[in-house]
Amino acid sequence: MEGERGVIVMSQVAAGYGRTEVLHGVDLTVPEGRVTTLIGSNGSGKSTLLRALLGFIPLWGGDIKVEGISVKGLSRREAARKIAYLPQGKNVPDITAERMVLHGRFPYLDYPRRYRERDYALAWEAMEQMDIGQIAQRHMAELSGGMRQKVYIAMALAQQAPVIVMDEPTTYLDIGQQFRFGEMARRLSREGKTLVLVLHDILLALKISDQIAALKEGKVLCRGTPEEILEAGVTRELYGVGVKPVETETGVQYYYEEPTNL
């Protein structure tokens with residue numbers, strides 16, 4: 001990824017809650033049009049780093065720039081035009097899938113908030129891209145977890161932000177849905193979207209990521225390609241479990257080795 005443009009550049013980022021600093025001088029560049037995944041044990045600072053990126057908490061030190069502009073100077077509306085966010089554990093509102101996707105157009109609406117023809121067109125385009133046009137009028141509560149995830153991603157696409165941030169996007173998805181999510185993430189990156197994910201599923205992270213950043217105690221322990229992360233033994237240091245790659249007819253697959261702390 002050397003020489004690629006960094007759509008997000010974090011420099012010596014410090015942040016936390018109350019009097020407790022959680023992030024300590026984090027440096028991280030997110031290349032454009034690639035999948036970058038944050039991994040680490042609970043409490044390592046992954047979600048805090050996302051919250052700092054999104055402007056939900058103030059920076060105590062350092063800076064984060066998105067497309068060359070500091071997040072410190074962005075309003076919520078301006079930030080939403082640059083970064084679409086899919087949080088973990090989203091509520092399921094009593095609205096149709098189409099209405100949910102239209103929520104992605106909020107950052108572009110003036111008062112009074114009335115959708116324009118262009119908003120409907122972009123929402124429909126996003127639904128077609130995610131192949132969910134046939135469920136446009138179905139209520140969110142009626143949909144499976146995988147279908148809901150497609151609706152939320154269509155909402156992010158309708159937002160037309162260059163960056164999509166997802167916190168634990170595979171939670172509540174079964175194995176088949178997780179596999180399809182991985183394919184979807186790769187396709188979105190090929191189409192030019194920059195994805196920043198937080199994943200606990202290390203095997204999935206290795207399979208779909210261009211870059212992995214491993215966090216430990218509020219610092220970046222290591223970052224690099226999946227191959228570089230494996231070579232550095234990061235999974236064993238973080239989780240006490242090694243991972244091995246194996247070449248198959250369908251590409252590289254990964255499996256866990258026996259834990260060292262049994």
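Computed from heavy atoms alone, side chains included, the values below leave out hydrogens, waters and symmetry copies.
Under a 4.0 Å N-O distance rule, the pair Glu257/Arg236 qualifies as a salt bridge. Between Arg186 and Asp210 there is a salt bridge, since at least one side-chain N of the basic residue sits less than 4.0 Å from a carboxylate O of the acidic one. In this structure, Arg187 does not pair ionically with Glu183, as no charged nitrogen and carboxylate oxygen lie closer than 4.0 Å.
Side-chain atoms of Asp63 and Ser70 include a donor-acceptor pair closer than 3.5 Å. Gln149 and Gln177 are not linked by any side-chain donor-acceptor pair at a separation below 3.5 angstrom, with hydrogens and angles left out of the test. A donor-acceptor pair shorter than 3.5 Å can be found between the side chains of Glu191 and Gln129. Looking at Arg223 and Gln211, their side chains do bring a donor and an acceptor atom within 3.5 Å of each other. Checked by atom type, the side-chain pair Thr235/Tyr256 shows no donor-acceptor distance below 3.5 Å. Gln178 and Thr170 share no donor-acceptor pair across their side chains, judged by distance under 3.5 Å alone.
Side-chain heavy atoms closer than 4.5 Å link hydrophobic residues (I, L, V, M, F, W, Y) into clusters, and following such links, possibly through other members, connects Leu143 to Val92.
Because its NZ or CZ atom is both nearer than 6.0 Å to the ring centre of Phe106 and within 45° of the ring axis, Arg113 counts as a cation-pi partner of that residue.
When Thr37, Thr36, Thr225 are each tested for a side chain to side chain donor-acceptor pair (under 3.5 Å) with Ser209, only one passes: Thr37. A side chain to side chain contact (heavy atoms under 4.5 Å, CB included) with Val196 holds for exactly one of Ile164, Leu50, Val7, Leu28; it is Leu50.
Using a 4.5 Å cut-off on side-chain heavy atoms (C-beta onward), Val246 and Val252 make no contact.
Sequence neighbours left out, the pairs with a member in residues 65-98 that pass ring-ring contact (aromatic ring centres under 6.0 Å, His included) are Phe56-Tyr85.
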